[in-house]
Number of protein chains: 2
Amino acid sequence: MELLQILECSPPLVRQPLDAAQAAGVATVFKALGDPVRLRILSIVASRAGGEVCVCDITDAFEVSQPTISHHLKVLKDVGLLVSERRASWVYYRLVPETLGELSALLNVPVTA
Amino acid sequence: MELLQILECSPPLVRQPLDAAQAAGVATVFKALGDPVRLRILSIVASRAGGEVCVCDITDAFEVSQPTISHHLKVLKDVGLLVSERRASWVYYRLVPETLGELSALLNVPVTA
DNA sequence: CGTTGAAATCGACGAAAGTTTATATCGAAA
DNA sequence: TTTCGATATAAACTTTCGTCGATTTCAACG
């Protein structure tokens, strides 16, 4: 199942109710955002100027173990929020802005008319 | 801790990394969105024309038990996404658009410059 | 009053999630 | 090929979460 496609097909919450299938897909993505460590990782990657962050830099920014960081990165990658690329011994992660944008659109509330 | 205030003080993810306290607060709200039943409940309330939905109508829309729906409503209420009001024997829930809007802003990605 | 219906709370149980330690993989370098 | 540093995977443990049945609260009504 392609989560980004599910997001693209899901109308804003204020427009019409989600069906069960849409809700299941969208919930998977929000669940990935429902952890403080993952949120911080995502914000580090998303706000990085160059667009790329080395795993080693992320690991250094937290007090949890390296496997824990690796696990959280996998979760964020599995839901389509991040992608990774290996170069030499290092792995770099960068944001998938489309996924984040779809999420934002899903939650968007029109200005009070 | 007032979650809406935390949301108001948290910059968009693409702007700057969240600190630990902000991440903890924001994660609580996203965690509430990370369940299919809660997402559907929220979308039902958010998209309702009159702005209000009776608990009885929500319960009828799902196949889970009444206590389960009540539990999910409490979660959504605790994070500031919904508010409730009792009238006679019935309880009505409605959306807090500010909270949803802050979440949307948090995830917003500027158009690719 | 006592009853009835709607909604919330409680207690318990199984499943899922976050973390750690230990181990494996992978690429570079000696 | 052996070693070393970086990252991922595996196994195990603990806590959290979603769900249910049973009970309670609350308001309206006989």
Side-chain angles (χ1 to χ4, degrees), chain A residues 1 3 18 20-21 23-45 48 52-79 81-94, chain B residues 3 18 20 23-45 48 52-79 81-94:
Chain A
M1 63 173 181
L3 287 179
L18 297 172
V26 175
T28 303
V29 186
F30 279 128
K31 195 178 302 182
L33 295 179
D35 178 87
V37 175
R38 283 198 292 269
L39 264 182
R40 293 180 64 192
I41 292 176
L42 186 67
S43 67
I44 288 174
V45 176
R48 176 60 63 95
E52 280 189 341
V53 181
C54 176
V55 172
C56 56
D57 291 331
I58 299 175
T59 304
D60 290 347
F62 294 88
E63 292 180 351
V64 298
S65 68
Q66 174 266 321
T68 297
I69 296 295
S70 190
H71 163 69
H72 286 312
L73 284 170
K74 175 171 168 48
V75 172
L76 292 170
K77 185 177 176 179
D78 284 346
V79 300
L81 282 166
L82 296 180
V83 290
S84 68
E85 179 186 350
R86 172 164 224 133
R87 288 203 300 275
S89 290
W90 296 272
V91 176
Y92 298 86
Y93 280 79
R94 55 179 190 278
Chain B
L3 287 179
L18 297 172
V26 176
T28 303
V29 187
F30 279 129
K31 196 178 301 182
L33 295 179
D35 178 87
V37 174
R38 283 196 293 267
L39 265 182
R40 293 179 65 194
I41 293 176
L42 185 68
S43 67
I44 288 174
V45 176
R48 174 64 61 98
E52 283 189 339
V53 181
C54 177
V55 172
C56 57
D57 291 331
I58 300 174
T59 303
D60 290 347
F62 294 88
E63 292 181 350
V64 298
S65 69
Q66 175 267 321
T68 296
I69 295 293
S70 190
H71 164 68
H72 287 312
L73 284 169
K74 175 169 168 49
V75 172
L76 292 170
K77 185 178 176 179
D78 285 345
V79 300
L81 283 166
L82 295 181
V83 290
S84 67
E85 179 186 352
R86 170 164 225 133
R87 287 205 299 277
S89 290
W90 295 272
V91 177
Y92 298 85
Y93 280 78
R94 53 177 193 278

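The sequence lines fix the lettering, A, B, ..., with proteins before strands; numbering per chain opens at 1. Side chains included, hydrogens not; waters and symmetry mates left out as well; all remaining heavy atoms used. These numbers were taken from a predicted model, which means no experiment stands behind them.
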Working to the nearest 0.5 angstrom, can you tell me the gap between B:Leu76 CG and B:Asp35 CG? 8.5 Å
Nearest-0.5 Å distance that lies between atom OG in A:Ser84 and atom CD in A:Glu52: 10.5 Å
When the distance from OH of B:Tyr92 to P of C:dA8 is rounded to whole Å, what number comes out? 13 Å
Please work out which residues in residues 26-35 of chain B have a non-hydrogen atom less than 4.0 Å from an atom of DNA chain D and list them by number. B:Lys31, B:Asp35
Side-chain N or O of A:Ser89 versus OP1/OP2 of C:dC26: is the shortest distance under 4.0 Å? no
Going from CG on A:Leu33 to CG on A:Leu81, what distance comes out if it is rounded to the nearest 0.5 angstrom? 5.5 Å
A:Ile41 CD1 to C:dG18 P, in whole Å, measures 11 Å
By nearest nucleotide on DNA chain C, pick out whichever of A:Ser65 and A:Ala88 is the more 5' one. A:Ser65
For A:Tyr93, answer base if it contacts any base atom (sugar-phosphate contacts may also be present), sugar-phosphate if it contacts only those atoms, and nothing otherwise; contact means non-hydrogen atoms under 4.0 Å. sugar-phosphate
Out of curiosity, B:Lys31 NZ to B:Arg38 CZ, how far, rounded to the nearest 0.5 Å? 10.0 Å
Specify the residues of residues 66-74 of chain B, ordered by number, for which at least one heavy atom lies under 4.0 angstrom from an atom of DNA chain C. B:Gln66, B:Pro67, B:Ser70, B:Lys74
Minimal heavy-atom distance between A:Ile44 and A:Phe62, with the atoms involved, is CD1-CE1, 4.0 Å
Does B:Glu85 have more than 12 heavy atoms from other residues, nucleotides or ligands lying within 6.0 Å of its CD? yes
Please round to the nearest 0.5 Å and tell me the distance separating atom CD1 of A:Ile58 and atom OH of A:Tyr93. 8.0 Å
Span of DNA chain D engaged by chain B, first through last nucleotide within the 4.0 Å heavy-atom cut-off, is D:dC17 to D:dA28
Tell me the interatomic distance from B:Lys77, atom NZ, to C:dA7, atom P, rounded to whole angstroms. 13 Å
What are the two closest non-hydrogen atoms of A:Cys56 and A:Trp90, and how far apart are they? SG-CD1, 4.1 Å
Can you check the A:Arg87 CZ to C:dA28 C1' distance for me, whole Å? 16 Å
Nearest heavy-atom neighbours spanning B:Arg40 and A:Ala20: NH1-CB, 3.8 Å
Please give me the minimum heavy-atom distance between A:Leu3 and A:Thr28, naming the atom from each residue. CD1-CG2, 4.1 Å
Where do B:Pro36 and A:Ala23 come nearest, in terms of heavy atoms and distance? O-CB, 3.6 Å
